[in-house]
Protein chains: 2
Amino acid sequence: MKTEKVDKRQAILDAAEKLFCETGYEGTSTRQIAKESGANMAMINYYFGSKEGVFVEIMNERIAGFTSQLKIINEDKISALEKLHRVIEGYVNRILDNTAFHKMMHRELSLTQRPEMYDKIKDAMSHNMQIIDRIITDGIEDGSFNKVDVRMVIGTIMGTITNIVISPHKVMSCSNFDLNNPKDKKIIKDRAVAHLQDLTKVYLTTKR
Amino acid sequence: MKTEKVDKRQAILDAAEKLFCETGYEGTSTRQIAKESGANMAMINYYFGSKEGVFVEIMNERIAGFTSQLKIINEDKISALEKLHRVIEGYVNRILDNTAFHKMMHRELSLTQRPEMYDKIKDAMSHNMQIIDRIITDGIEDGSFNKVDVRMVIGTIMGTITNIVISPHKVMSCSNFDLNNPKDKKIIKDRAVAHLQDLTKVYLTTKR
DNA sequence: GGAAGTTAATCAATCGTTTGATTAATTTTG
DNA sequence: CAAAATTAATCAAACGATTGATTAACTTCC
């Protein structure tokens, strides 16, 4: 039997993330977090100072593991389209492997309050956005891509993926389908990648 | 001067919607709603029974004014592409004219709790989705559209618009820009429509 | 005068946080 | 090495503030 001796700090983070995802930040009480994690309530403030401290810590850890996947792609000696397609593949995979977190991030982003978090998320994303922008812009400048509204294209790619995460039932017409089921997730991942790669290829490279 | 004699009931609904949009349902207190609307706290329960009653009422009213804009378009004797482009125009306009509500709707949709609301929103959207699905499918069947992943295309259209509402700063590189400013809103509306119409035209009708 | 509208005051419950005490683990000291 | 001192981790209990809701008295208006 695996030892029960995991540190409470991590248990609190795990429980909090799960609860924040399910019921939102305001909708989750410190007592729930304590109960779910098996830690005493005071431990939350002992480790993180406050409830918001827990939230910030979750965000920071996630965002830390978020960066620098794109940089490698961008430095490869491949065509702009291939770069973009790798980015799409990477994005779909990462986001659909962390649907709960991305729902939460999205939710908090849509709130006017907690501006520090808003800025933090925004900064983390805008860096990635710049890289994608660079890839597409390079493609346009070297003549392999059509002249398009670059920011809108990026919005389309990201919006499509987010849309799948938040309303998977829309995509999968069948109702008895679960994003947590690895089988179903694989299916929808492949569909999303195929669609977005096809869409961008046609839209960006069709001569007209 | 416009008379101050507006009924409190509506004032409560207006204030609540604004606050729910800004700070979320859980993040908004009944006292805030009372203060913002100029009504006494007890009026909330007098008119709507409870805080949740206010929320449900807002959603019901909005969803009621949500339906059957698309039906007319679908019955017009125009090409599938023209239909789709009118749908896009209608969608962009409605959503960007009600950004606050759509943020709120989106947020509630991403929460596990309040399943009745989830189903209600889902049903309201799925009807419109069916109409769009029909338009695209018809276009495919009569040979004017390429064979594509229809649900994914719809997800792309809706996701793109939602993405603009939630992260307008992503699209508009300039920072001092406000979706509430009618001037800025017009600009982004036009850009969104132009992008989506161009994208769908190229993707759906390019021979390949 | 009576129904509808409105108010301030109050309710129990829950919120996030803090407290003081206790145990477990680690370091210092003789 | 072992006793003493120190630190880290954990706990139950309680804090004041705020929550959504309700009461009962008071206006307003037909």
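Order of the sequence lines sets the chain letters (A, B, ...), proteins ahead of strands, with each chain counted from 1. For clarity, every value in this text was computed on a predicted model and none was experimentally measured.
- By the side-chain hydrogen bond (donor to acceptor under 3.5 Å, both in side chains) test, Thr137(A) is found to be paired with Asp133(A), residues two or more places apart in sequence or in another chain being considered.
- For the pair Met43(A) CE and dA12(D) C1', the computed distance is 14 Å after rounding to whole Å.
- For residues 13-23 of chain A, the pairs satisfying salt bridge (Lys or Arg N to Asp or Glu O under 4.0 Å) are Glu17(A)-Arg62(A), Lys18(A)-Glu36(A), with sequence neighbours left out.
- Rounding to whole angstrom units, OH of residue Tyr46(B) and C1' of dC26(D) are separated by 14 Å.
- Residues forming a salt bridge (charged side-chain N to carboxylate O under 4.0 Å, His left out) with Lys186(A) (at least two apart in sequence, or on another chain): Asp190(A).
- Atom NZ of Lys35(B) and atom P of dT6(C) are 20 Å apart (whole Å).
- Residues satisfying the side-chain hydrogen bond (donor to acceptor under 3.5 Å, both in side chains) test with Gln130(B), not counting sequence neighbours, are none.
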Assign a letter to each nucleotide of nucleotides 8-24 of chain C from its 5' end: B, base within under 4.0 Å of a protein heavy atom; S, sugar-phosphate only; -, no contact.
-> B------BBBBB-----

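- Within the 4.0 Å cut-off from OP1 or OP2 of dA4(C), not a single side-chain nitrogen or oxygen of Tyr47(B) is found.
- For residues 25-34 of chain B, the set of pairs meeting the salt bridge (Lys or Arg N to Asp or Glu O under 4.0 Å) definition, not counting sequence neighbours, is empty.
- Protein atom CG of Asp7(B) is 16 Å distant from nucleotide atom C1' of dC29(D), rounded to whole Å.
- Between Ile88(B) and His85(B) the shortest side-chain heavy-atom distance falls below 4.5 Å.
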